**Student:** 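Got a structure for you, questions after.
Each chain gets a letter, A, B and so on, in the order the sequences are listed, and its residues count up from 1. This one's a predicted model, so the numbers in the text were calculated from it and none came from an experiment.
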Amino acid sequence: GAVVSQHPSRVICKSGTSVKIECRSLDFQATTMFWYRQFPKQSLMLMATSNEGSKATYEQGVEKDKFLINHASLTLSTLTVTSAHPEDSSFYICSASGGHTDTQYFGPGTRLTVL
Amino acid sequence: AQKITQTQPGMFVQEKEAVTLDCTYDTSDQSYGLFWYKQPSSGEMIFLIYQGSYDEQNATEGRYSLNFQKARKSANLVISASQLGDSAMYFCAMRPLNRDDKIIFGKGTRLHILP
């Protein structure tokens, strides 16, 4: 299957700082990437859809100024959590769609802890 | 509105037995794709199997097979000869194929394989 990497896998930061998470499709070009947030023991919650070369589409209730998404190339999308607060602590996971069935392949996730 | 329902929040199965994870869906789309993902404790989402709504045969991938019953709108995952490493959270998902829309996930089923 297609491989999606995500970096970092784990980050701990102080409240008020910004954190950037990278998502890369390693062996295929992804015109669309997705960013999810997952709370413990819950399903994935879509935050935004990222299209290469255009602005991201955010889901209702997701602050676009807080969660900045940039899809600079067909293989890279970044999520920046700006001015992080403890309530932003969560598991963030990206995916990239590819293939004729547009199957979404997920990165390994990033666990963010804001102190 | 589209919806995925997984009625089993948790299951315990003896090693080497077969297990069926239930998934029903609701959609008004004629063309859609159904997906199953596995999420072990590490957090990564692993794509397991895909079934297209127009595929006449049930999808199979190694020990995984999808019991697709279109009239009943069910897409159960069958794991044959379960192994300890199958212990994980399993998510059923769906997205339309002929229009640009997001994938939706069920709430998941936590599978425990007992030695």
**Student:** Apply side chain to side chain contact (heavy atoms under 4.5 Å, CB included) to the pair Gln39(B) and Gln38(A), showing each step before the final yes or no.
**Tutor:** CA-CA 12 Å; Gln39(B) 188 178 39; Gln38(A) 187 179 29; 2.7 Å; yes
**Student:** Using a cut-off of 6.0 Å, state whether more than 12 heavy atoms not belonging to Gln30(B) lie near its atom CD.
**Tutor:** no
**Student:** Between Thr103(A) and Tyr37(B), is a side chain to side chain contact (heavy atoms under 4.5 Å, CB included) present by the stated rule, with each step listed?
**Tutor:** CA-CA 11 Å; Thr103(A) 296; Tyr37(B) 290 89; 4.0 Å; yes
**Student:** Side-chain contact, heavy-atom cut-off 4.5 Å: Ile93(A) with Glu44(B)?
**Tutor:** no
**Student:** Using non-hydrogen atoms only, which part of Arg110(B) is less than 4.5 Å away from chain A: side chain, backbone, both, or neither?
**Tutor:** neither
**Student:** Can you tell me if NZ on Lys3(B) sees more than 12 non-hydrogen neighbours from other groups inside 6.0 Å?
**Tutor:** no
**Student:** Please examine the side chains of Tyr105(A) and Ile46(B), heavy atoms only from C-beta on, and report whether any two atoms are closer than 4.5 Å.
**Tutor:** no
**Student:** Using 0.5 Å steps for rounding, measure from the CZ atom of Phe105(B) to the CD atom of Gln104(A).
**Tutor:** 5.5 Å
**Student:** Count the heavy atoms belonging to other residues, nucleotides or ligands that lie under 6.0 Å from CD of Gln57(B), then report whether that count exceeds 12.
**Tutor:** no
**Student:** Does Phe47(B) form a ring-ring contact (aromatic ring centres under 6.0 Å, His included) with Phe106(A)? I'd like the steps, not just the answer.
**Tutor:** CA-CA 8 Å; Phe47(B) 166 68; Phe106(A) 287 82; 9.7 Å; no
**Student:** Less than 4.5 Å apart, side chain to side chain, heavy atoms only: is that true for Ile103(B) and Tyr36(A)?
**Tutor:** yes
**Student:** Tell me, do Lys102(B) and Glu59(A) make a side-chain contact under 4.5 Å, heavy atoms counted?
**Tutor:** yes
**Student:** Where is the tightest heavy-atom contact between Phe91(B) and Ser43(A), given as atom of each residue plus distance?
**Tutor:** CE2-OG, 3.5 Å
